[in-house]
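For reference, the structure discussed in these notes is given below.
When a ligand or atom number is given, it counts from 1 through the structure's own listing order.
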Amino acid sequence: MGTISSDKVPAINFTKKDVSPGTSTWRVVRTKVGQALEKYGCFEAVFDDKPQLHQNMLGALEQYFDLPREIKTEYMSNKAFDGYTGVNPPMPLFENVIIHTNGLSLVQLERFTNLMWPEGNSSFWVLSFSCGIYNYIVRLNKYNAPRTKETIMGVVPHKDKSFVSILGQNDVHGLEIQTKDGEWITMEPSASSFVVMIGEVFMAWSNDRLHCPLHRVMMTGDEERYSMALFSHSKGIVETPEEMVDEEHPLLYKPFSHSAYYIFAQTKGAQKFESQIKAFCGV
Ligand SMILES: O=C(O)CCC(=O)C(=O)O
Ligand SMILES: [Fe+2]
């Protein structure tokens, strides 16, 4: 299963009010973010002033997963990575729903909320708005407690197909990221933090200057884990800027469409490649 490292992913504080662009605090934070993304491909964004946001988010997650199965299955899809997936054999603890919001409308999210709660659910709706859902795919995850002494794989190792992923979770840890040396670091974010992680598309945009970490969820103990992921997806063509290319860093990726890559990555043929993004648009 790989060695566990005692290394820690940086925790960067965004609580200060003056993190607006151009200020000295912003420059310090920007440097820390850049270094963390180059080395680990992720960091813990600390917001000491956002406990209520977290509380609302977790409340909405629990409300959703507590719905009867027959209600949750109303939002199923025949496409991969879309809708409610129920529990599947390779990941017996894991249950999740994926909601795609397309471009300028919140129609899908509204459809989802109305289907799950025909009488309305303002806390779910407000939560989604406060996350700025416009160009995002939202995934709500529940991991049942293994209730055994062993550690059980909650989610298999994978790299996100997003530009950036933002993850919020309850206080049951389990997310692990792989370092460039192949060791696993357990993320232990505080109750009001979010984990910000690079997806393969941002890595390609940066000409591999930013690391895209392989990550997984490992579950132990008697408590359920809830998490919510917000994946940003670029609507247009992704093209590495000239500034990222020089003699030491020759161009690695051709311009590509993020949505076409997302579709490619779900095909059976794509699964056989070690790096799907390189197979899709590598130079
Ligand atoms: O539950 C987590 O923290 C990880 C979820 C995840 O990796 C994903 O939804 O892509
Ligand atoms: Fe992920």
**Message:** Counting only heavy atoms, tell me which of Lys161, Arg139, Arg216, Met219 gets closest to atom 8 (C) of ligand 1.
**Reply:**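 The nearest heavy atom belongs to Arg139.
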Taking only heavy atoms of [X], which atoms of ligand 1 are found under 4.0 Å from at least one of them?
X: Tyr143; result: 1 (O), 2 (C), 4 (C), 5 (C)
X: His215; result: 7 (O)
X: Phe231; result: 8 (C), 9 (O), 10 (O)

Looking just at side-chain N and O atoms, do Thr179 and Asp181 make a donor-acceptor pair shorter than 3.5 Å?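 Per modelled atom types, Thr179 and Asp181 side chains form no pair under 3.5 Å.
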Nearest-contact summary for atom 2 (C) of ligand 1 - protein heavy atom, Å: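 Nearest protein contact, heavy atoms only, for atom 2 (C) of ligand 1 is Arg225 NH2, 3.3 Å.
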- How far is atom 10 (O) of ligand 1 from its nearest protein heavy atom, and which residue and atom is that?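 Of every protein heavy atom, His158 NE2, 3.1 Å lies nearest to atom 10 (O) of ligand 1.
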**Prompt:** Hey, do the aromatic rings of Tyr84 and Tyr75 have their centres closer than 6.0 Å?
**Reply:**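 Not under 6.0 Å, so no.
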**OP:** Step through the shown structure and confirm whether more than 12 heavy atoms of other residues, nucleotides or ligands are within 6.0 Å of CD on Glu242.
**Re:**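 Count not over threshold, so no.
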*To the nearest 10 degrees, how large is the angle at the Fe ion (ligand 2) between Asp160 OD1 and His158 NE2?*
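That angle works out to 90° after rounding to 10°.
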Determine, stepwise, if the pair His54 / Asn56 fulfils side-chain hydrogen bond (donor to acceptor under 3.5 Å, both in side chains).
CA-CA 5 Å; His54 249 87; Asn56 294 349; over 6 Å; no
Go through Phe231 and Arg139 one step at a time and tell me if the side-chain contact (heavy atoms from CB on, under 4.5 Å) criterion holds.
-> CA-CA 8 Å; Phe231 304 106; Arg139 184 176 192 176; 3.7 Å; yes
[X] touching ligand 1 at heavy-atom level, < 4.0 angstrom:
X: Gln169; result: no
X: Met187; result: no
X: Val217; result: yes

* Asked: Quick one: do Arg209 and Asp246 make a salt bridge, cutoff under 4.0 Å?
  ->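 A salt bridge is present here (some side-chain N lies under 4.0 Å from a carboxylate O).
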**Q.** Working for side-chain contact (heavy atoms from CB on, under 4.5 Å), residues Asp208 and Met203
**A.** CA-CA 5 Å; Asp208 281 5; Met203 177 191 76; 3.3 Å; yes
Between Tyr253 and Lys278, is the side-chain hydrogen bond (donor to acceptor under 3.5 Å, both in side chains) condition met? List the steps. CA-CA 7 Å; Tyr253 302 92; Lys278 288 218 162 83; 3.3 Å; yes
Note to self: Heavy-atom distances under 4.0 Å decide this one: backbone, side chain, both or neither, for Asp160 against ligand 1?
What the structure shows: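 Side chain only.
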